[in-house]
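First comes the structure, then the notes that go with it.
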Amino acid sequence: MTESSLWQLSATELAAKISSKQVSVREVVTSAVDRMRQTNGLVNAVTLSLEDEAIAAADLADKALDQGERCGPLHGVPITIKENIDQQGIPNTNGVLAFADNIAHEDSPVVKNLKQAGAIIIGRTNTPEFSFRWFTDNPLRGLTQNPWNAQITPGGSSGGAASSVALGIGAIAHGNDLGGSLRYPAYACGVSTIKPGLGRIPAYNATATEERPPTLQLMSVQGPIAREVADLKLALKVMAERDIRDPWWVPAPIEWPQETGLPRIAMTFGPDKSSCDSRVVAAVESAADSLADAGYAVVKQDPPCMEEACDMWRRLIGADTKEMVTPTIRKHGSAVLNKLADDFSSFDSPYSMSAYMKLSAERTRVWRE
């Protein structure tokens, strides 16, 4: 394989080739950077190129290998970081014009963990203004395109992450998720992700001037997007290392005892197929048939309480947004985002402290189910 095509390999493959010295880190990073130069102008997924810093880091990574130093599981693997978490020396803009110079003076936990594992950051990826929408556009960085079809969305809020990794701009993309911001872009761009559970991956931004609303603390998580599922497991293990700055962090195991034989596969379309397009239904059913033919036990099972969970999410997020987020949007957001804040304020949110507390309590029952 030539240097020019190394960007096509998965993170797992790149890590193995680097550790065995089949390829150099400089070759791998150069391939990813060249791919970014060739393709990013078509989609605007990467908002800030860190190619010079990445090449310098690659040379140091090769030197460490040559000196026999112990290297991490992502040593030399090129990655991207979403532009709404802290990376030392880089602005954490969150897609907001007023935050263009919001320089981070320390790394967030997930960035620190990825760096410690040897990953090399080649760029920052786009996010909606305040990471507040299900497509990816903002007044500071502009619109991100879907890499397959400019007429459809790349999703949001991790649209830049999904679009970039789909194009081979890095083997792993960092993103985060409150109500679909990892899952929807991965779906829209044809790549893979996982929304980790609460406390699995530590989170903290020193640039934040106040703590997040309760629902964001309970529901927002960091996570990986990649082209291959094996890379998600590798990235998740790295991202999940403890960081004392996040008191929500829990030492949940990555590895679980395996069932005998092949694992069971759950298939769901949601309540009444959730108005899925017939082509989506057909594709999922075809995948299930292929898995069944390969010997897997496929179980058709809709998760319980889905409609109730969606309603709770909408109402709790609406209440917290109105109380704790909207004032900042009024001060720093665009006219378009302020209109969205008005729409959120019209949600059927809890009408009193008592109603909010009862709804928050009932959320635990739904979670248990």
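Between the side chains of S5 and Q8, no donor-acceptor pair is found at a separation under 3.5 Å. For Q88 and D107, the side-chain atoms include no donor-acceptor pair closer than 3.5 Å. Looking only at atom types and distance, the side chain of E228 has no donor-acceptor partner in the side chain of T12 under 3.5 Å away.
The nearest pair of heavy atoms linking F269 to V281 is CE2-CA, 3.6 Å. When all heavy atoms of L14 and V77 are compared, the pair lying nearest together is CB-CG2, 4.4 Å. Taking all atoms of both residues into account, the shortest heavy-atom contact from P91 to I103 is CG-CD1, 3.5 Å. For the pair I120 and A61, the tightest heavy-atom approach, listed with the atom from each and the gap, is CD1-CB, 4.4 Å. In this structure, P224 and L232 approach most closely via the heavy-atom pair O-CD2, 3.6 Å. Considering every non-hydrogen atom in both M239 and P202, the closest pair reads O-CD, 3.5 Å.
The side-chain heavy atoms of L340 and F130, taken from C-beta on, include no pair separated by under 4.5 Å. For the pair P78/V28, a side-chain contact is recorded, criterion being any heavy-atom separation below 4.5 Å from C-beta on. In this structure the side chain of L178 reaches within 4.5 angstrom of the side chain of I317, judged on heavy atoms. Using a 4.5 Å cut-off on side-chain heavy atoms (C-beta onward), L167 and R35 make contact. Looking only at side-chain heavy atoms (C-beta outward), Q87 and N92 stay at 4.5 Å or farther from each other. Two residues are said to be in side-chain contact when any heavy atoms from C-beta on lie closer than 4.5 Å; M36 and W7 fail this criterion. Residues L65 and S24 have side chains not in contact (no heavy-atom distance under 4.5 Å, counting atoms from C-beta outward). The side-chain heavy atoms of I121 and V111, taken from C-beta on, include a pair separated by under 4.5 Å.
Cluster membership check: V43 does not share its hydrophobic cluster with F135, using side-chain heavy-atom separations under 4.5 Å among Ile, Leu, Val, Met, Phe, Trp and Tyr. No path of Ile, Leu, Val, Met, Phe, Trp and Tyr side chains, each step under 4.5 Å between heavy atoms, connects Y204 with I90, placing them in separate hydrophobic clusters. Both I265 and L262 sit in one connected hydrophobic cluster of ILVMFWY residues. Membership requires side-chain heavy atoms under 4.5 Å apart, directly or through other members. A single hydrophobic cluster is not seen to contain both L140 and V46; linkage of ILVMFWY side chains at heavy-atom distances under 4.5 Å, directly or through other members, places them apart. Connection of M324 to L359 is not established within any shared hydrophobic cluster, with ILVMFWY side chains joined at heavy-atom distances below 4.5 Å, either directly or through further cluster members.
Here L143 sits alone; no ILVMFWY side chain lies under 4.5 Å from its own, so it joins no hydrophobic cluster. Using a 4.5 Å cut-off between side-chain heavy atoms of Ile, Leu, Val, Met, Phe, Trp and Tyr, M357 falls into a hydrophobic cluster with M353. Members clustered with L182: V165, V191, I225, by chain and number, using a 4.5 Å side-chain heavy-atom cutoff among hydrophobic residues. With side-chain heavy atoms closer than 4.5 Å counting as contact, directly or through intermediates, V299 stands alone and belongs to no larger hydrophobic cluster.
Listed for the N40 side chain is a donor-acceptor partner under 3.5 Å among the backbone atoms of A45. A side-chain donor-acceptor contact under 3.5 Å links R330 to the backbone of N338. No donor-acceptor pair under 3.5 Å is formed between the side chain of W249 and the backbone N or O of I244.
Heavy-atom neighbours of W313 CH2 from other residues, nucleotides or ligands within 6.0 Å: above the threshold of 12.
Under the rule for a side chain to side chain donor-acceptor pair (under 3.5 Å), S290 has no partner lying at least two apart in sequence or in another chain. Not counting sequence neighbours, the partners of A319 by the side chain to side chain contact (heavy atoms under 4.5 Å, CB included) test are S349, P350, Y356. Taking N149 as the reference, nothing meets the side chain to side chain donor-acceptor pair (under 3.5 Å) condition, with sequence neighbours excluded. Partners of S181 according to the side chain to side chain donor-acceptor pair (under 3.5 Å) rule, which considers only residues two or more places apart in sequence or in another chain, are S157. Judged as a side chain to side chain contact (heavy atoms under 4.5 Å, CB included), and not counting sequence neighbours, E323 has no contacts. Here Q38 pairs with nothing under the side chain to side chain donor-acceptor pair (under 3.5 Å) rule; sequence neighbours left out.
Atoms CD and CG, on Q222 and N176 in that order, are 4.5 Å from each other to the nearest 0.5 Å. Between the CD1 atom of I329 and the CG atom of L337 there is a distance of 4.5 Å, given to the nearest 0.5 Å. The CG atom of N113 sits 13.5 Å away from atom NZ of K237, with the distance rounded to the nearest 0.5 Å. With rounding to the nearest 0.5 angstrom, the CD1 atom of I152 is 4.0 Å from the CG atom of N146.
Each salt bridge (Lys or Arg N to Asp or Glu O under 4.0 Å) pair with one or both residues in residues 67-87, not counting sequence neighbours, appears once here: E83-R141.
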Considering only distance and modelled atom types, tabulate donor-acceptor pairs under 3.5 Å from the side chains of residues 211-221, sequence neighbours left out.
{"residue": "T215", "atom": "OG1", "partner": "D320", "partner atom": "OD2", "Å": "2.7"}
{"residue": "Q217", "atom": "OE1", "partner": "W248", "partner atom": "NE1", "Å": "3.2"}
{"residue": "Q217", "atom": "NE2", "partner": "R212", "partner atom": "O", "Å": "2.8"}

- Query: Does the salt bridge (Lys or Arg N to Asp or Glu O under 4.0 Å) test come out yes or no for D34 and R37, once each step is laid out?
  - Reply: CA-CA 5 Å; D34 286 346; R37 291 172 180 162; 3.2 Å; yes
- Y184/T153 under side chain to side chain contact (heavy atoms under 4.5 Å, CB included): CA gap, chis, key distance, verdict: CA-CA 10 Å; Y184 180 40; T153 180; 3.2 Å; yes
- Using the side chain to side chain donor-acceptor pair (under 3.5 Å) rule, take N94 and S131 through it: C-alpha gap first, then chi angles, then the decisive distance, then the call. CA-CA 6 Å; N94 205 11; S131 298; 2.5 Å; yes
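Partner of T144 under the side-chain contact (heavy atoms from CB on, under 4.5 Å) criterion, out of P185, P128, S163, S164: S163 alone.
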